[in-house]
Colleague: 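Below is one structure. I have some questions about it.
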Amino acid sequence: MNATLIVGACQAGVQIASVLRERGDTAPIYLVGEEPHRPYQRPPLSKGWIKGELQPDDVILRTREWFAERDIELITGDRVVTVHRAEDGTGTATTEGGRRIEFSRLALTTGASARRLPLEGTDYHGVHYLRDADQAISLQPALADENARDVVVIGGGFIGLETAAVARGLGKNVTVLEAAPRLVGRVVAEETSAFYLDAHRRRGIDVVLDARIARILGGDARVAGTHGSVTGVELEDGTVIPADLVLIGVGVIPRTELADQLGLDVDGGIVVDAAARASDGRTVAAGDCALMPNPYPQGVGGNIRLESVNNALEQAKIAAASLLGEPAEYRSVPWFWSDQADLKLQIAGLSTGYDQVVVRGEPATEKFAVLYYRAGRLIAADVVNHPAEFLAIRTALNKGGTIPPEAAADPTIPLKGAVVLPEAATL
Amino acid sequence: MSTVTYTADDGTVTTIDGRAGDSIMETAVRNGVPGIVGECGGSLSCATCHVFVAEQTRELFGEPSELEDEMLDGTAVDRRDESRLSCQLTLQDGCEYHVTTPSDQY
């Protein structure tokens, strides 16, 4: 019996199960998720869901019939609490609900949790995090409430800015507090950060950079286990920003408890190789929880953890192949998207190690691209409201091509025609 | 209820009962129909749900938006007159839909 246990019923977990069945694996598959929901898509939570535009059936990954037809045992609302593997690789897991699952293949797709802010006042009513469906289910009506007029978003990353844009679209007074000197600083170049700062300010969002937060303020109703409601956020300089609702979006912490139990290498993520194998050589990990060798561009080196649908899917395919003992190596070009108000950002490649930036088009028009180069070669791009250019760049990168910086800098030269491919490749 | 018939590049035919309000992409992905990826979940970001729409089915939809039209210029298999992104094709009750999927979405 080659039963597979997949811990984490998410994008990566479902993909691993899917690939195992596609490749003809007929052994039992247990897909265990702690959330009391069918596997769902996470990206819409900070977009359509909190706008109130979506229902649960709109965000599910697969129908119930899909799991049943493929004989994938989906267990939701239960959490794997212990996992042991013997020398021969066979193992047993137990769940909070008292289930005992025997397996000989193990995949960890445990994801990540919202990083909690160690700040006074985060337990006031009206302070939200946004990572899971339940958090989105709680945030949506709070945002829709007409009495919630002042919204403070702590964190100027993607979750913070997407939520701020939704709140502003609902007519709220919105303030974004970012600790760093620029927005989305972990991911994009200064040019893209500066654009988002201007674009959100143009839409009426108040953005405070280098923000130093002292505490979250609330009402005095904190008695005997009940909490008062949030009233504001106080900065270290004494400024108080009124708030009826606070959203904290300050990144995530990968879920590595089970990897720790198994004695696997963990370093801010479950350390895996290019075949998605953890340090024991047989457990695989994929998605937001996995720290992998930088897949792109080749030669940059270092380990990286990517939080994106594309990475979850691509890494899951590799992980499934490794579980089946087939050779596989993660080589695809990562991509990512973020929708903020009417601004569509699409990122192709990874800009790690860039030494040159080319801005294509005029950012003030809200339709432009920032291309990243390393030693004269294109490695990544941030593209705003110009999907055709994003696709041209992603296709070029996927084929190992580049676009000369001079051509990229001239918006009158179509990108698709400017791509220089390695020999033997065609567009 | 409506039905969607997907013909893959290799000729495999799959017919799925669809729910009004869902897109042709969502109907494919949630039911495991091969040939449509839909990585971005229908937010017009990835162009991996490209389909060729049969003539009678085309009449059930309006024209593609400017954004979809732009995305169709960058699909993995070159666009044709009958190309659409299936995340933009929403099912109505009581209709039959026929689409063919391209050999590649990436």
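Chain letters run A, B, ... following the sequence lines, proteins first and then strands; every chain starts at 1. Remember, it's a predicted structure, so these values are computed and weren't measured experimentally. Heavy-atom basis, side chains included; hydrogens, waters and symmetry copies ignored.
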Colleague: Whether Arg360(A) and Glu389(A) form a salt bridge (side-chain N of Lys/Arg under 4.0 Å from carboxylate O of Asp/Glu) is what I want to check.
Modeller: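 Yes, charged N to carboxylate O under 4.0 Å.
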
Colleague: Minimum heavy-atom separation for Leu397(A) and Ile379(A), please, with both atom names.
Modeller: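 Reported closest heavy-atom pair: CD1-O, 3.8 Å.
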
Colleague: Can Glu35(A) and Tyr40(A) be counted as having a side-chain donor-acceptor contact under 3.5 angstrom?
Modeller: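 Judged by distance alone, the side chains do pair up.
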
Colleague: Do other residues, nucleotides or ligands put more than 12 heavy atoms under 6.0 Å from the CD atom of Glu96(B)?
Modeller: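 Check fails, neighbour count at 12 or below.
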
Colleague: With sequence neighbours excluded, what pairs up with Tyr106(B) under the ring-ring contact (aromatic ring centres under 6.0 Å, His included) test?
Modeller: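 ring-ring contact (aromatic ring centres under 6.0 Å, His included) check on Tyr106(B) returns nothing, list empty.
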
Colleague: Looking at chain B, which one of Leu313(A), Asn310(A), Val309(A) has the largest number of heavy-atom pairs inside 4.5 Å, strictly under?
Modeller: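 Most heavy-atom pairs under 4.5 Å with chain B: Asn310(A).
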
Colleague: Could you pull out the closest heavy-atom pair between Glu162(A) and Ser46(A), with the gap in Å?
Modeller: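 Closest heavy-atom pair between Glu162(A) and Ser46(A): OE1-OG, 2.6 Å.
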
Colleague: Do Gln340(A) and Ser338(A) pair up side chain to side chain, a donor and an acceptor below 3.5 Å, judged on atom types alone?
Modeller: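 Side chains of Gln340(A) and Ser338(A): pair found under 3.5 Å.
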
Colleague: Counting only non-hydrogen atoms closer than 4.5 Å, does Glu70(B) touch chain A with its backbone (N, CA, C, O), its side chain (CB onward), both, or neither?
Modeller: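 For Glu70(B), backbone and side chain are both near chain A.
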
Colleague: Before accepting this row, confirm whether a basic side-chain N of the pair Lys344(A)/Asp339(A) lies closer than 4.0 Å to the acidic partner's carboxylate O.
Modeller: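 Yes, this pair counts.
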
Colleague: Using a 4.5 Å heavy-atom cutoff, which residues in residues 65-74 of chain A come close to chain B?
Modeller: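 Residues of residues 65-74 of chain A touching chain B at under 4.5 Å: Trp66(A), Arg70(A).
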
Colleague: Looking only at heavy atoms, which two atoms of Met71(B) and Ala47(B) are closest? And how far apart?
Modeller: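 Shortest heavy-atom contact: CE-N, 3.5 Å.
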
Colleague: Give a yes or no on whether the backbone of Val33(B) and the side-chain of Asn31(B) come within a donor-acceptor separation of less than 3.5 Å.
Modeller: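 Looks like no, no N/O pair under 3.5 Å.
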
Colleague: Examine whether an atom of Thr27(B) lies under 4.5 Å from a heavy atom of chain A, and if so say whether it belongs to the side chain, the backbone or both; otherwise answer neither.
Modeller: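 No part of it gets close to chain A.
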
Colleague: What residues of residues 51-62 of chain A sit under 4.5 Å from chain B when only non-hydrogen atoms are counted?
Modeller: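 Residues of residues 51-62 of chain A touching chain B at under 4.5 Å: Asp57(A), Asp58(A), Val59(A), Ile60(A), Leu61(A), Arg62(A).
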
Colleague: Can you sort out the partners of Tyr6(B) under ring-ring contact (aromatic ring centres under 6.0 Å, His included), two or more places apart, ordered by chain and number?
Modeller: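 Applying ring-ring contact (aromatic ring centres under 6.0 Å, His included) to Tyr6(B) gives none.
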
Colleague: Please state whether the side chain, the backbone, both or neither of Asn398(A) comes within less than 4.5 Å of a heavy atom of chain B.
Modeller: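 Interface part for Asn398(A): side chain.
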
